[in-house]
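Letters A, B, ... mirror the listed sequences (proteins, then strands); counts begin at 1. Quick note: numbers below take in every heavy atom, side chains included, and nothing from hydrogens, waters or symmetry partners.
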Amino acid sequence: MIGLVDCNSFYCSCERLFRPELSNRPIVVLSNNDGCAVSRTDEAKDLGIKMGQPFFEFKNLCKSDGLVVFSSNFQLYTNLSDRVMGTIKDMCPLVEVYSVDEAFVNLNGFTEIDIFARRIKHTVERDTGIPVSVGVAKTKTLAKVANKIAKKNKVHTDGVVFLDNEKSIDLALKSFPIKDIWGIGSASASKLKLLGINTAYEFAHYKNEKLILKLLTKTGLMIKHELLGIECHKFGSSHEKKNEIMCSRSFDTPKFHINEIKESIANFIDLASSKMRRQESYCSRMDIFYYTSPFQDLMKHSVCRTYKFSVPTLDTLYMTDIAMKLVDESFKLGFGYKKAGVKLYELVNIENVQLGLFENYEIIDRRHRLIKTIDRVNLREGSGVLKSASCGAQNSGFGMKQVYKSPRYLTTWKSLRNVD
DNA sequence: TCTGGGGTCCTAGGACCC
DNA sequence: TCTGGGGTCCTAGGACCC
């Protein structure tokens, strides 16, 4: 049996933890730049606010309906996520952290699983203050279904749903919209609709599997099998090491100058590459990209340039050097760019690094020692203390708009809560 | 006026080889 | 006049997730 422990409205719950007076108020947490809704409480959902909806479309609800909004405060969320995951790991030996706010737990061999599931929920809530829902079933996809039902019917289910027999599974799937199944997005849902499939039950028991394979590829077929209780997504299959590391941001205002693009990309490389070194990987390929707003009818321009390193590297300075050249080659004057980013991929472990024939290893080695020294200094003195000159002088927040940001209650002394 | 960021997985189709 | 077929590798891009 697999359990899925999922935090309720996670970012909002984190904010609420430090503002208990907001316990029954509608809350929304906004994406970077205060762009759109990324987390909503039930009260905010009741106001009709959609996931990903742009803030300007519902800003008026702050006045009319007492909606409270927060800019995203990732230091806070990451810290609380660590506490939640730590609590779960204390209770179950086998935990697969799937995202910042959810984890699968392997419950094979446990007796009285439903009682234990309730205990997990109770303990996490008691020890961290973050409300969670728990779904338990034979496969990950069914556990997702169970969890969603638990979340939707908190009063009825007490936040825990256990789908352990055919009858309860059938009943659950018959009223479960196909578009809400994990892995079925809007494109797949509309294809299935054409086949007359509207519920998870109809999908699971659809006879023509060849057609499903053709329309939804093998991932779609796996979902179907998982709904029938056949395990396709093995427990523990999430990677500990990332296969690719991205860093990108939207700008608060359009950027017209090449130096602004260069500076931001240098900063993204700085962040992405130090993240990469923390997982002890080397990068074989790098994309840099920047583009104008896709939402406006102005002149559009989109740039993506790839560079393949002859020898996998961890050298920020070298990568930055290459990236600056790529921007020089591709930049077009007259466009206002709204977003830029960097992707490092084809990441390899140290032991798998293929050496080139014609490289000067003395120089490479010296450079790698330099980079590691920079990492050590930044670790000790605070990140961003030492970085390449291309990153610019002001310690940039990338010109991000964050009007509604809460204090970093858990990560800076100044922001600690006072107790009167 | 104002629309996120970071991931994974899969397929189609081109290039290339024998 | 007639111009294969099978395999692999690579890349771009779609779909989806949280």
**Student:** Out of dA15(C), dG7(B), dC18(C), which has the shortest distance to the side chain of Ser99(A)?
**Tutor:** dC18(C)
**Student:** For DNA chain B, whose closest nucleotide is more 5', that of Met246(A) or that of Glu57(A)?
**Tutor:** Glu57(A)
**Student:** Using atom NZ of Lys338(A) as one end and atom C1' of dT3(B) as the other, report the distance to the nearest whole Å.
**Tutor:** 9 Å
**Student:** Starting from P on dC16(C), measure out to CG on Leu216(A) and report it in whole angstrom.
**Tutor:** 8 Å
**Student:** Testing the basics here: between Val342(A) and Leu344(A), what is the closest heavy-atom pair and its distance to 0.1 Å?
**Tutor:** CG1-CD2, 3.8 Å
**Student:** Flag this pair as yes if the NZ/CZ of Lys339(A) is under 6.0 angstrom from the six-membered ring centre of Tyr291(A) and inside a 45 degree cone about the axis; otherwise no.
**Tutor:** no
**Student:** Listing time: all N or O pairs from protein to nucleotides 8-12 of chain B that are below 3.5 Å?
**Tutor:**
{"from": "dT8(B)", "atom 1": "OP1", "to": "Asn243(A)", "atom 2": "N", "distance (Å)": "3.0"}
{"from": "dT8(B)", "atom 1": "OP2", "to": "Glu244(A)", "atom 2": "N", "distance (Å)": "3.3"}
{"from": "dC9(B)", "atom 1": "OP1", "to": "His239(A)", "atom 2": "NE2", "distance (Å)": "3.1"}

**Student:** Does Ser188(A) put a side-chain nitrogen or oxygen below 4.0 Å from OP1 or OP2 of dC16(C)?
**Tutor:** yes
**Student:** Does the cation-pi check pass for Lys343(A) over Tyr345(A), that is, NZ or CZ under 6.0 Å from the six-membered ring centre and within 45° of its axis?
**Tutor:** yes
**Student:** Please report, rounded to the nearest Å, how far the C1' atom of dG4(B) is from the CZ atom of Phe74(A).
**Tutor:** 8 Å
**Student:** Check Ser9(A), Ser406(A), Ser39(A), Ser72(A) against Glu15(A) for a side-chain hydrogen bond (donor to acceptor under 3.5 Å, both in side chains) and give me the one that passes.
**Tutor:** Ser406(A)
**Student:** Using a 4.0 Å heavy-atom cut-off, does Tyr98(A) contact any base of the nucleic acid, only the sugar-phosphate backbone, or nothing at all?
**Tutor:** sugar-phosphate
**Student:** With a 4.0 Å limit, can you tell me whether Lys191(A) has a side-chain N or O closer than that to the phosphate oxygens OP1/OP2 of dA15(C)?
**Tutor:** no
**Student:** Quick one: label Asn32(A) by what it contacts on the DNA or RNA (base, sugar-phosphate, nothing), any heavy atom closer than 4.0 Å.
**Tutor:** sugar-phosphate
**Student:** Backbone N or O of Met51(A) within a donor-acceptor pair of the Lys45(A) side chain at under 3.5 Å?
**Tutor:** no
**Student:** Can you check the Ile223(A) CD1 to dC16(C) C1' distance for me, whole Å?
**Tutor:** 9 Å
**Student:** Nearest of dG5(B), dT3(B), dG7(B) to any side-chain atom of Phe56(A)?
**Tutor:** dT3(B)
**Student:** Check the phosphate of dT1(B) against Gln296(A), side-chain N and O only, distance under 4.0 Å to OP1 or OP2. Yes or no?
**Tutor:** no
**Student:** Within the 4.0 Å heavy-atom criterion, would you say Lys339(A) contacts the bases, only the backbone, or no part of the nucleic acid?
**Tutor:** sugar-phosphate
**Student:** Should stems be defined as at least three consecutive Watson-Crick or G-U pairs with both distances under 3.5 angstrom, which of them involve DNA chain B?
**Tutor:** B:5-18 with C:5-18
**Student:** Without decimals, in angstroms, what is the distance between Lys275(A) NZ and dG5(B) C1'?
**Tutor:** 9 Å
**Student:** Check the pair Lys387(A) / Asn378(A) against side-chain hydrogen bond (donor to acceptor under 3.5 Å, both in side chains), numbers first and verdict last.
**Tutor:** CA-CA 9 Å; Lys387(A) 54 185 178 181; Asn378(A) 284 336; over 6 Å; no
**Student:** Determine the contact category for Ser186(A): base if any of its heavy atoms lies under 4.0 Å from a base atom, sugar-phosphate if only primed atoms, P, OP1 or OP2 are that close, otherwise nothing.
**Tutor:** sugar-phosphate
**Student:** Does the Lys NZ or Arg CZ of Lys224(A) fall within the cation-pi geometry relative to Tyr206(A) - under 6.0 Å from the ring centre and within 45° of the axis?
**Tutor:** no
**Student:** Rounded to whole Å, how long is the line connecting atom OH of Tyr11(A) with atom C1' of dG6(B)?
**Tutor:** 10 Å
**Student:** What's the gap between dC18(C) and dC2(B) when it is taken at their C1' atoms, as a whole Å value?
**Tutor:** 24 Å
**Student:** Check whether any side-chain nitrogen or oxygen of Ser250(A) sits under 4.0 Å from OP1 or OP2 of dG5(B), and answer yes or no.
**Tutor:** yes
**Student:** Output yes when a side-chain donor or acceptor of Lys300(A) lies under 3.5 Å from a complementary backbone atom of Gln296(A), and no otherwise.
**Tutor:** yes
**Student:** Side chain of Ser31(A): nearest nucleotide among dC16(C), dG4(B), dG7(B)?
**Tutor:** dG4(B)
**Student:** Rounded to the Å, how far apart are Gln53(A) CD and dC2(B) P?
**Tutor:** 17 Å
**Student:** What verdict does the side-chain hydrogen bond (donor to acceptor under 3.5 Å, both in side chains) test give for Gln75(A) and Thr411(A), after you've listed the backbone C-alpha separation in whole Å, the side-chain angles of each residue and the deciding distance to 0.1 Å?
**Tutor:** CA-CA 7 Å; Gln75(A) 288 103 337; Thr411(A) 42; 5.6 Å; no
**Student:** Within this structure, what is the CD-to-P distance between Glu102(A) and dG7(B), rounded to whole angstrom?
**Tutor:** 16 Å
**Student:** With distance as the sole test, does Glu102(A) use its side chain to make a donor-acceptor pair with the main-chain N or O of Val5(A) at under 3.5 Å?
**Tutor:** no
**Student:** Do Phe251(A) and Glu260(A) pass the side chain to side chain contact (heavy atoms under 4.5 Å, CB included) test, and can you show the C-alpha distance, the side-chain angles, and the key distance before you say yes or no?
**Tutor:** CA-CA 10 Å; Phe251(A) 304 121; Glu260(A) 295 175 301; over 6 Å; no
**Student:** Applying a 4.0 Å non-hydrogen cut-off, can you work out what Phe295(A) is touching in the nucleic acid: base, sugar-phosphate, or nothing?
**Tutor:** base
**Student:** Between dC17(C), dG5(B), dG4(B), spot the one nearest the side chain of Ser248(A), thanks.
**Tutor:** dG5(B)
**Student:** Base, sugar-phosphate, or nothing for Asp34(A), non-hydrogen atoms under 4.0 angstrom?
**Tutor:** nothing
